[in-house]
Amino acid sequence: MKRITVIGTGYLGAVHAASLASLGYEVLGMDVDAEKIAALAAGRPPFFEPGFDELLSEQVASGRLTFTNSYADVAAFGGDDRANTVHFVCVNTPQRKGEYAADTAYIDSVIDNLAPLLDVPTLVIGKSTVPAGTAARLTSRLRALSPAGDEMRLAWNPEFLREGYAIEDTLRPDRLVIGVQDEESEAALRDVYKPLTDTGIPLLVTDLATSELVKAAANAFLSTKISFINAMAEVCEAAGADVMLLSKALSFDPRIGGRFLVPGLGFGGGCLPKDIRAFMARAGELGADQALAFLKEVDAINMRRRARTIDLAREQCNGSFLGKRIAVWGAAFKPDTDDVRDSPALNVAASILLQGAQVTVYDPKANDTAAKNFPTLNYADSALEAARGANLILHLTEWREFRELDPNAVAEVVAERRVLDGRNALDSDLWRAAGFIYRALGRPSAV
Ligand code: UGA
């Protein structure tokens with residue numbers, strides 16, 4: 001039975017650690033953030049992710065999942081058998097300030113701190129999203145800094161989980177990809193993932209660079225698909241056509257498919273925007289910048305959706321936000337998470353505030369994380385409270401709660417019955433029947 005450590009306990013690492021514990025492994029989670037570790041050790045999730053609350057408390061109670069903020073504990077995990085412990089690195093790689101490139105400082109720091117303590121040949125596995133070539137560079141660093149020298153092994157195992165479905169995606173992923181440099185590492189990773197591969201989940205073995213690129217390419221493709229349909233929304237707006245019908249018609253072609261083809265405010269979050277920029281930056285360094293020049297357009301189309309939403313909202317307010325009360329429904333970058341990193345909803349809310357409106361935000365789970373980043377916005381405890389006295393409602397993150405609201409109840413509390421659906425997710429007929437002027441991106445005003 002393998003012992004596993006997981007370094008970096010954010011949305012990815014914490015779920016990875018608890019999911020592996022649920023497969024029966026003994027898992028030690030490590031993070032430099034002492035507050036986060038204290039919460040996790042007490043079975044309290046430091047973020048919202050559906051199902052994680054139960055999974056974490058169950059696994060902590062079982063005794064299989066423990067936490068530490070000490071690298072020495074990580075290196076010693078497994079005691080005399082520590083050569084059989086595998087170490088997953090799940091720290092984040094944010095966009096460098098003022099640049100497109102990814103900042104790998106956190107992952108470098110993990111290797112710098114951990115390697116000197118790994119005194120027996122051990123396998124370290126990177127899961128973070130990194131520029132191609134990082135794993136090879138880290139292998140040299142690991143070997144140079146560890147007393148076990150060239151016997152140290154490093155592999156890459158990119159993560160494809162989506163926030164909001166993190167547990168499902170960890171325990172039942174579409175595929176597993178492992179980038180390895182030797183058979184021993186492949187065997188160890190096959191062993192770790194045996195409970196998943198036994199259920200038929202495909203495992204692909206690649207070299208290090210390919211495994212790094214699979215992740216970058218996957219996020220580039222997903223971003224491109226979203227920006228494609230949003231570009232069609234722009235054309236639909238110009239032509240008086242309806243992008244929702246267009247998207248539906250396209251989706252019947254199995255070569256295209258309907259997923260990630262929902263037009264609206266576009267993509268945000270801690271991954272897609274920074275990953276396509278880091279991918280472009282790395283391709284540039286490698287001399288392949290032309291190959292990814294189209295991603296600049298993907299990024300630009302995405303950003304134009306935010307500007308278009310603000311313009312459409314201003315139009316709804318007769319040309320000026322001054323003195324207007326705007327309700328913003330949704331703050332998270334997508335539903336079922338409290339993550340507000342690069343959230344399109346908050347980007348729009350903050351811009352409208354700066355243009356003179358009074359903006360009140362409500363998100364079922366992300367009010368607190370939003371308030372930390374944007375303290376100047378008002379926050380309400382319910383969708384109706386946010387809508388009270390509003391001249392316009394902006395629906396910017398498609399939580400189920402918003403779709404299930406009765407527009408007639410909303411009509412009672414607003415100052416003006418106007419709704420702009422930034423996610424094309426509300427039932428336009430219901431809202432119009434309740435007397436609302438319903439507008440959405442990429443659709444004619446009468447639809
Ligand atoms: C994304 C990828 O989907 C995961 O496979 C990947 O592992 C992860 O990044 C990562 O790199 O760690 P995530 O950021 O959780 O996952 O969010 P997505 O579900 O991909 O949504 C991203 C954004 O696209 C959201 O803002 C969402 O609202 C938007 N979106 C999605 C659309 O605007 N239209 C769509 O049709 C789908």
task = Run the ring-centre check on W329 versus Y362 and record whether the distance is less than 6.0 Å.
result = no

From F67 atom CZ to L56 atom CG, the distance as rounded to the nearest 0.5 Å = 5.5 Å

request  = State, yes or no, whether a side-chain contact exists between F88 and L20 at a heavy-atom distance under 4.5 Å.
outcome  = yes

remark   = Rounding to 0.5 Å, atoms CZ (R162) and CG (D336) come to a distance of 10.5 Å

message = Any carboxylate oxygen within less than 4.0 angstrom of a Lys/Arg side-chain nitrogen, looking at R153 and E184?
response = yes

Check: T369 and D339 side chains under 4.5 Å, non-hydrogen atoms = no

request  = Kindly say whether A39 contributes a backbone atom to a donor-acceptor pair with the side chain of E35 at under 3.5 angstrom?
outcome  = no

query = Does any donor atom in the side chain of R137 or T104 lie under 3.5 Å from an acceptor atom in the other side chain?
reply = yes

key: F47 vs E163 side-chain heavy atoms within contact, under 4.5 Å   = no

request  = Could you tell me which non-hydrogen atom of P344 sits nearest to which non-hydrogen atom of L265, and how far apart they are?
outcome  = CB-CG, 3.5 Å

key: Criterion side-chain contact (heavy atoms from CB on, under 4.5 Å) on N347 and F374, from CA distance to verdict   = CA-CA 10 Å; N347 181 309; F374 291 89; over 6 Å; no

Donor-acceptor under 3.5 Å (T397 side chain, A332 main chain) = yes

query = Got a sec: does the OH of Y193 have more than 12 other heavy atoms crowding it under 6.0 Å?
reply = yes

ask   = Is the backbone N or O of N424 less than 3.5 Å from a side-chain atom of E398, with the two atoms forming a donor-acceptor pair by type?
value = no

Salt-bridge criterion met for R304 and E234 (N-O under 4.0 Å) = yes

query = Atom CG of L114 and atom OH of Y71: how far apart are they, to the nearest 0.5 Å?
reply = 7.0 Å

query = Taking all non-hydrogen atoms of both residues, which atom of L426 and which atom of D421 are closest, and how far apart?
reply = N-OD2, 2.7 Å

note = Hits for salt bridge (Lys or Arg N to Asp or Glu O under 4.0 Å) against K2, two or more places apart or cross-chain, chain-then-number order -> D191

note = Heavy-atom closest pair (G330 atom, V361 atom, distance to 0.1 Å) is O-CG1, 4.2 Å

note = With sequence neighbours left out, the residues meeting salt bridge (Lys or Arg N to Asp or Glu O under 4.0 Å) with D289 are none

message = Are S22 and L171 packed together at the side-chain level, in the sense that at least one heavy-atom pair is separated by less than 4.5 angstrom?
response = yes

ask   = Is a side-chain donor or acceptor of S343 paired with a backbone partner of V340 at a separation under 3.5 angstrom?
value = no

task = Look only at the side chain of W156 and the backbone of T206, and say whether a donor-acceptor pair between them is shorter than 3.5 Å.
result = no

remark   = Distance col, row I37:CD1 vs T68:OG1, nearest 0.5 angstrom, shows 7.0 Å

ask   = With sequence neighbours excluded, what pairs up with N378 under the side chain to side chain contact (heavy atoms under 4.5 Å, CB included) test?
value = T360

ask   = Are V74 and H87 side-chain neighbours, meaning at least one heavy-atom pair lies under 4.5 Å?
value = yes

request  = Using modelled atom types only, decide if a donor and an acceptor are shared between the side chain of K194 and the backbone of L189 within a distance under 3.5 Å.
outcome  = no

ask   = For D299 and N302, does a side-chain donor sit closer than 3.5 Å to a side-chain acceptor?
value = no

remark   = When rounded to the nearest 0.5 Å, the distance separating OH of Y379 from CG of D363 is 9.5 Å

message = Is a donor from one side chain sitting under 3.5 angstrom from an acceptor on the other, for D182 and S185?
response = yes

inquiry  = Rounded at 0.5 Å granularity, tell me how far CG in N157 sits from OG in S211.
reply    = 8.5 Å

task = For the pair S57 (side chain) and G43 (backbone), establish whether a donor and an acceptor sit closer than 3.5 Å, ignoring hydrogens and angles.
result = no

key: Other residues, nucleotides, ligands: >12 heavy atoms within 6.0 Å of D80 CG   = no

note = Residues at least two apart in sequence or cross-chain that pass side chain to side chain contact (heavy atoms under 4.5 Å, CB included) with T139, listed by chain then number, are R143, L154, Q181, L208

ask   = With a cut-off of 6.0 Å (strictly less than), are more than 12 heavy atoms of other residues, nucleotides or ligands near CZ of F228?
value = no

ask   = What residue pairs, at least two apart or across chains, pass salt bridge (Lys or Arg N to Asp or Glu O under 4.0 Å) with a residue in residues 6-28?
value = R3-E26

request  = Could you note down all residue pairs passing salt bridge (Lys or Arg N to Asp or Glu O under 4.0 Å) where residues 119-134 supplies at least one of them, sequence neighbours left out?
outcome  = R82-D119, K127-E159

request  = Identify, with sequence neighbours excluded, every residue that meets side chain to side chain donor-acceptor pair (under 3.5 Å) alongside D338.
outcome  = Y11

query = Who pairs with A148 by side chain to side chain contact (heavy atoms under 4.5 Å, CB included), at least two apart in sequence or on another chain?
reply = P121, S146, M152

key: Modelled atom types, side-chain donor and acceptor of K274 and T93, under 3.5 Å   = yes

request  = Check the surroundings of atom CZ in F221: do more than 12 heavy atoms from other residues, nucleotides or ligands lie under 6.0 Å from it?
outcome  = no

Would you tabulate the side-chain donor-acceptor contacts of residues 279-286 under 3.5 Å, counting partners in other chains and residues two or more places apart, or write 'none'?
| residue | atom | partner | partner atom | Å |
| --- | --- | --- | --- | --- |
| R282 | NE | A132 | O | 2.6 |
| R282 | NH1 | E285 | OE1 | 2.6 |
| R282 | NH2 | A132 | O | 3.0 |

message = So, using side chain to side chain donor-acceptor pair (under 3.5 Å) as the criterion, who are the partners of R388 when residues are at least two apart?
response = E385

remark   = Applying salt bridge (Lys or Arg N to Asp or Glu O under 4.0 Å) to K365 and not counting sequence neighbours gives none

note = Closest non-hydrogen atoms of A41 and V60, given as atom of the first, atom of the second and distance, are O-CG1, 3.4 Å

Pair D311 + R308, salt bridge at N-O below 4.0 Å = no

Non-neighbouring partners of V214 that pass side chain to side chain contact (heavy atoms under 4.5 Å, CB included), sequence neighbours left out = F160, V177, T210

query = Would you say the side chain of V86 lies within less than 4.5 Å of the side chain of V192, judging by non-hydrogen atoms?
reply = yes

key: Side-chain H-bond candidate by donor/acceptor type, H16 with T170, under 3.5 Å   = no

request  = Indicate the atoms forming the closest heavy-atom contact of G13 with C90, along with that distance.
outcome  = CA-CB, 3.7 Å

task = Without swapping roles, check the side chain of N230 against the backbone of A233 for a donor-acceptor pair under 3.5 Å.
result = no

ask   = Would you find a donor on one side and an acceptor on the other, under 3.5 Å apart, between the side chain of S247 and the backbone of M244?
value = no

ask   = Where the side chain of K324 meets the backbone of C317, is there a donor-acceptor pair that is under 3.5 Å apart?
value = yes

remark   = Closest non-hydrogen contact found for L441 with V243 is O-CG1, 3.8 Å

request  = Look at D112 together with R141 and state whether they make a salt bridge at an N to O cut-off of under 4.0 Å.
outcome  = yes

